[in-house]
> 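Below are the structure tokens for one structure; questions will follow.
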Amino acid sequence: MPEIAAGDTRALLAAVSLQRIDLYKLHAVSAAGFDLDGLPEAPEDGSANINVTQSIRIRPNGLDIRCALDVRALHLHIEVDIAAAYDCREGDTLVVEGPATAEFAEKVGMMALWPYARQHVADLSSRLTSGPPFVLPVVQSCFFHQEPTNVVKTQMSPPDEFASD
């Protein structure tokens, strides 16, 4: 089994390929003008609160970048939890060194997930409101510049129930 050492983002990008997008959570609630506990009032300036949390799971044969979004705007509360699974070639083992995982998550993983997250937020908001849907902004990778909240190294591949069919 060849080991692939990835010490920088370019090496990591060359070592893995996107295999699937996994969806863990879609949740939306609308106050629809009613005062419901915990839901925000519509901001007067039309702004929104968007919280993004990213996590990284490093596996022997790849890595997963997970993005949890919490959007509060327009009497809406929307949660989307989505992940991108990147795998090495069959038989290869991934060894990640240095800050490569955080940079890969920011510049590659989150940018791959963002269009899916935008679509889910727009779809859920259009189903819950009579007005135009709430659409997340188009962003550059620097929008995601943060230390991942959770970096986990596992000894085995994720269980089959997490894989997409």
> Considering non-hydrogen atoms only, spot the tightest contact between A48 and F134 and give its length.
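Of all heavy-atom pairs spanning A48 and F134, the closest is CB-CZ, 3.6 Å.
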> Could you walk me through whether T93 and N61 pass the side chain to side chain contact (heavy atoms under 4.5 Å, CB included) check?
CA-CA 5 Å; T93 300; N61 63 332; over 6 Å; no
> Below 4.5 Å, heavy atoms only, C-beta onward: do V16 and L63 meet side chain to side chain?
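Yes - at least one pair of side-chain heavy atoms lies under 4.5 Å apart.
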> If you measure from CD on E106 to CD1 on I56, what distance do you get to the nearest 0.5 Å?
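E106 atom CD to I56 atom CD1 measures 10.0 Å (nearest 0.5 Å).
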> Is there a side-chain contact between I65 and R57 (heavy atoms, below 4.5 Å)?
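Counting from C-beta outward, I65 and R57 never come under 4.5 Å.
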> Between L13 and V108, does a side chain to side chain contact (heavy atoms under 4.5 Å, CB included) hold up when you go through it step by step?
CA-CA 8 Å; L13 185 57; V108 180; 4.0 Å; yes
> For the atom pair CD (Q54) and CG (L69), what is the distance rounded to the nearest 0.5 Å?
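Interatomic distance, Q54 CD to L69 CG, rounded to 0.5 Å: 11.0 Å.
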> Do D70 and R72 pass the salt bridge (charged side-chain N to carboxylate O under 4.0 Å, His left out) test, and can you show the C-alpha distance, the side-chain angles, and the key distance before you say yes or no?
CA-CA 7 Å; D70 185 271; R72 295 173 184 259; 3.1 Å; yes
> Is there a donor-acceptor contact under 3.5 Å linking the side chains of E103 and T101?
no
> Identify the heavy atoms of A28 and I78 that sit nearest to each other, and give their distance.
CB-CG1, 4.0 Å
> Using salt bridge (charged side-chain N to carboxylate O under 4.0 Å, His left out), reason through D22 and R66 one step at a time and then give a plain yes or no.
CA-CA 9 Å; D22 294 325; R66 192 164 178 173; over 6 Å; no
> Taking all non-hydrogen atoms of both residues, which atom of A84 and which atom of L18 are closest, and how far apart?
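Nearest pair, atom of A84 first, then L18: CB-CD1, 3.8 Å.
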> Check whether any side-chain heavy atom of I21 sits under 4.5 Å from a side-chain heavy atom of I82, and report yes or no.
yes
> Is there side-chain contact between R118 and V138, with heavy atoms separated by less than 4.5 Å?
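Side chain of R118 against side chain of V138, heavy atoms only: contact under 4.5 Å found.
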> Any side-chain heavy-atom pair from C67 and V52 closer than 4.5 angstrom?
yes
> If you measure only the distance, is there a donor-acceptor pair under 3.5 Å linking the side chains of D81 and H27?
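D81 vs H27: no donor-acceptor pair found between side chains.
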> Contact between V71 and H77 at the side-chain level, heavy atoms closer than 4.5 Å - yes or no?
no
> Counting only N and O atoms by type, is there a donor-acceptor contact under 3.5 Å from the side chain of W114 to the main-chain atoms of G109?
no
> Within the distance-only criterion (no hydrogens, no angle test), does the side chain of S125 pair as donor or acceptor with the backbone N or O of P133 below 3.5 angstrom?
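No, because the side chain of S125 does not come within donor-acceptor range (under 3.5 Å) of the backbone of P133.
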> Treat each ILVMFWY residue as a node, draw an edge where side-chain heavy atoms are under 4.5 Å apart, and state whether V121 and V135 are in one component.
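No, because V121 and V135 fall into different hydrophobic clusters, even though each may have its own neighbours under 4.5 Å.
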> Which heavy atom of A100 sits nearest to which heavy atom of T9, and what is that distance?
O-OG1, 4.1 Å
> Is any side-chain heavy atom of D64 less than 4.5 Å from a side-chain heavy atom of S55?
no
> Just so I know, are the side chains of Y86 and L12 near enough to count as touching, which here means a heavy-atom distance under 4.5 Å?
no
> Do L76 and L26 land in one hydrophobic cluster if side-chain heavy atoms of ILVMFWY residues count as linked below 4.5 Å?
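Result: yes, single cluster for both.
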> Provide the full list of salt bridge (Lys or Arg N to Asp or Glu O under 4.0 Å) pairs with a residue in residues 119-131, sequence neighbours left out, each pair given once.
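Salt bridge (Lys or Arg N to Asp or Glu O under 4.0 Å) check on residues 119-131 returns D123-R127.
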> Could you measure the distance from the CZ atom of R89 to the CG atom of L94? Nearest 0.5 Å is fine.
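It comes to 11.0 Å.
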